[in-house]
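Keep in mind that the numbers below use all heavy atoms, side chains included, and drop hydrogens, waters and symmetry copies. A, B, ... follow the sequence lines: proteins, then strands. Residue 1 opens every chain.
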There are 2 protein chains.
Amino acid sequence: MNDSFLRDCLFFTANRLGRTITKLAEEQFAPTGLTPMYGYLLLLVNGLPGITQKELAEKLSVTPSTLTRFVDKLEAKKLVERQVSGKSVQVFPTDKSRELEGTIRQASRNLHDAYAAVLGTESSDALSIDLLQASLELEKM
Amino acid sequence: MNDSFLRDCLFFTANRLGRTITKLAEEQFAPTGLTPMYGYLLLLVNGLPGITQKELAEKLSVTPSTLTRFVDKLEAKKLVERQVSGKSVQVFPTDKSRELEGTIRQASRNLHDAYAAVLGTESSDALSIDLLQASLELEKM
DNA sequence: CTATTTTGTTTGTACATACAAAATATAAAA
DNA sequence: TTTTATATTTTGTATGTACAAACAAAATAG
């Protein structure tokens, strides 16, 4: 039978890799007490205190509604603070999130090391760039 | 600030592309009345009548519990039938699903054409193969 | 041939994510 | 200055997906 779509279809292969690497990433991020997405969100907020939700949604390529939910959770954990500013909402780090910065960066490095050990450093880095490039082009459609 | 993880981290870039292409795929699959994942599941069942849920879960790289949910929905829509066989469950197509086969294959082609028009046929096909290869290797971990 | 283990499925629950519609707040126009 | 338009966020709701536990059937060991 013809099940070539299992390898030929970018929808399928991209989401498959997404599921696989999410699992690996969650393991590596366990010490942070956060899932990888929340960890990266915190890095952005720590690095750009006062960044708006709109900007965060764009950088992370999630919808504004999703971002609202993320910030709700981080706020509940006292990891960020909201400040309304005109029609935007700015997001600020807390002491607690600044303390987590190092742990998150370490988890991120561990994740990279883990998959690079399997896929090779060169090729996994190249793959990541190709993926970003592809999504940027498709988002323009 | 250092937000290089937005391009260097395979967790992030794979899932980003996954979100982007899922949206495109859902548009192209709209005429089938199914989301892409369900469409591909039906193609597998049509091509291998009596395939077990375990085999389907492996081919699609989702967990067995997820597959149960998928089959529940397709069964409710009269698009597949279950038949218990020992501790396994075999899944069979219905007339309705066989009628949909052509529509699904067309949607799949349209999806491929849509992203190939943006990314290039060669490079999008190569990317898809790289993605599958990467997930196969990471799933061995 | 019974007791234990393994394998496959289902169910309860939880989270990430999206879309559409509603709410909010500023900016622009009249 | 009141009205209208626009940008941002939030809320309601829905789907995909996972894990852990429960369950059922089969395989294996004693």
Side-chain angles (χ1 to χ4, degrees), chain A residues 11-12 14-27 29-30 33-42 50-77 80-91 135 139, chain B residues 11-12 14-27 29-30 32-41 50-77 80-91 135 139:
Chain A
F11 159 78
F12 188 77
N15 282 302
R16 177 172 183 161
L17 180 60
R19 288 192 296 275
T20 305
I21 199 150
T22 293
K23 210 177 159 192
L24 180 60
E26 282 170 353
E27 288 165 18
F29 271 69
L34 298 170
T35 55
M37 193 59 155
Y38 288 88
Y40 288 136
L41 206 173
L42 269 199
I51 187 173
T52 67
Q53 293 193 176
K54 176 132 218 295
E55 293 164 333
L56 283 169
E58 276 163 12
K59 277 182 188 285
L60 294 173
S61 187
V62 297
T63 61
S65 66
T66 300
L67 202 98
T68 291
R69 302 285 149 84
F70 287 174
V71 175
D72 287 348
K73 290 213 180 169
L74 289 176
E75 199 178 32
K77 291 187 180 189
V80 300
E81 282 167 7
R82 280 183 160 108
Q83 189 180 314
V84 176
S85 157
K87 50 190 165 189
S88 297
V89 175
Q90 290 183 283
V91 185
S135 52
E139 281 162 22
Chain B
F11 157 78
F12 188 76
N15 281 303
R16 177 171 184 162
L17 180 61
R19 287 191 296 275
T20 304
I21 199 149
T22 293
K23 208 177 161 193
L24 181 60
E26 282 171 353
E27 288 166 18
F29 272 69
T32 68
L34 298 170
T35 56
M37 193 60 155
Y38 287 88
Y40 288 133
L41 206 172
I51 187 172
T52 66
Q53 293 193 174
K54 175 124 216 297
E55 292 164 333
L56 283 169
E58 276 164 11
K59 277 181 187 287
L60 294 173
S61 187
V62 297
T63 61
S65 65
T66 299
L67 202 98
T68 291
R69 301 285 150 83
F70 288 173
V71 175
D72 287 348
K73 291 212 180 169
L74 289 175
E75 199 177 31
K77 291 186 179 189
V80 299
E81 281 167 9
R82 278 181 160 110
Q83 189 180 315
V84 176
S85 159
K87 58 185 164 189
S88 297
V89 175
Q90 290 183 282
V91 184
S135 52
E139 281 162 23

Inset, instruction - Provide, to the nearest angstrom, the distance between the CZ atom belonging to A:F70 and the C1' atom belonging to C:dT17. - result: 7 Å
Legend entry - For atom CE of B:M37 and atom P of D:dA14, their distance in whole Å: 22 Å
Legend entry - Presence of B:K87 side-chain N/O under 4.0 Å of C:dT6 phosphate oxygens OP1/OP2: no
Inset, instruction - Taking only the side-chain nitrogens and oxygens of B:T35, find out if one of them lies under 4.0 Å from OP1 or OP2 of D:dG16. - result: yes
Inset, instruction - Report the nucleotide, chosen from D:dA18, C:dG8, C:dT17, that has the shortest atom-to-atom distance to any side-chain atom of B:R69. - result: D:dA18
Inset, instruction - Quick one: list whatever passes side-chain contact (heavy atoms from CB on, under 4.5 Å) with A:T66, sequence neighbours left out. - result: A:V62, A:T63, A:F70
Inset, instruction - Measure from CD on B:E58 to P on C:dT7 and round the result to the nearest Å. - result: 12 Å
Inset, instruction - Quickly work out the A:D72 CG to C:dT17 C1' distance and round it to whole Å. - result: 14 Å
Inset, instruction - Would you kindly give the CD1-to-P distance between A:I51 and D:dT8, to the nearest whole Å? - result: 13 Å
Inset, instruction - Could you tell me whether A:R19 contacts a base, only the sugar-phosphate backbone, or nothing, with contacts defined as non-hydrogen atoms closer than 4.0 Å? - result: sugar-phosphate
Legend entry - Residue mapping more 5' on DNA chain D - nearest nucleotide basis, B:T63 or A:R82: A:R82
Inset, instruction - Measure from the side-chain heavy atoms of A:V89 and tell me the nearest of D:dT10, D:dG16, D:dG12. - result: D:dT10
Legend entry - Distance in angstrom units between B:Q53 CD and C:dT9 C1', rounded: 7 Å
Legend entry - B:L60 CG to B:Y40 OH distance, which is reported to the nearest 0.5 Å: 11.0 Å
Inset, instruction - Start with the C-alpha gap between A:L34 and A:L74, add the side-chain angles, then the distance that decides, and say whether side-chain contact (heavy atoms from CB on, under 4.5 Å) holds. - result: CA-CA 9 Å; A:L34 298 170; A:L74 289 176; 4.2 Å; yes
Legend entry - Any B:Y38 side-chain N or O less than 4.0 Å from OP1/OP2 of D:dT15: no
Legend entry - B:S65 vs D:dA18: side-chain N/O to OP1/OP2 distance below 4.0 Å: no
Legend entry - Contacts of A:E55 that satisfy side-chain contact (heavy atoms from CB on, under 4.5 Å) - sequence neighbours left out: A:I51, A:T52
Inset, instruction - With the side chain of A:T68 defined as its heavy atoms from C-beta on, choose the nearest nucleotide among D:dT9, C:dT10, C:dT13. - result: D:dT9
Inset, instruction - Give a yes/no answer on whether the side chain of A:K23 brings an N or O atom under 4.0 Å of OP1 or OP2 in D:dT17. - result: no
Inset, instruction - Round to the nearest Å and state the distance from A:L67 atom CG to C:dA18 atom C1'. - result: 13 Å
Inset, instruction - Report the distance from atom CD of A:Q90 to atom P of D:dT8, rounded to the nearest whole Å. - result: 13 Å
Inset, instruction - For the residue pair B:E58 and B:L67, establish whether any side-chain heavy-atom pair is separated by less than 4.5 Å. - result: no
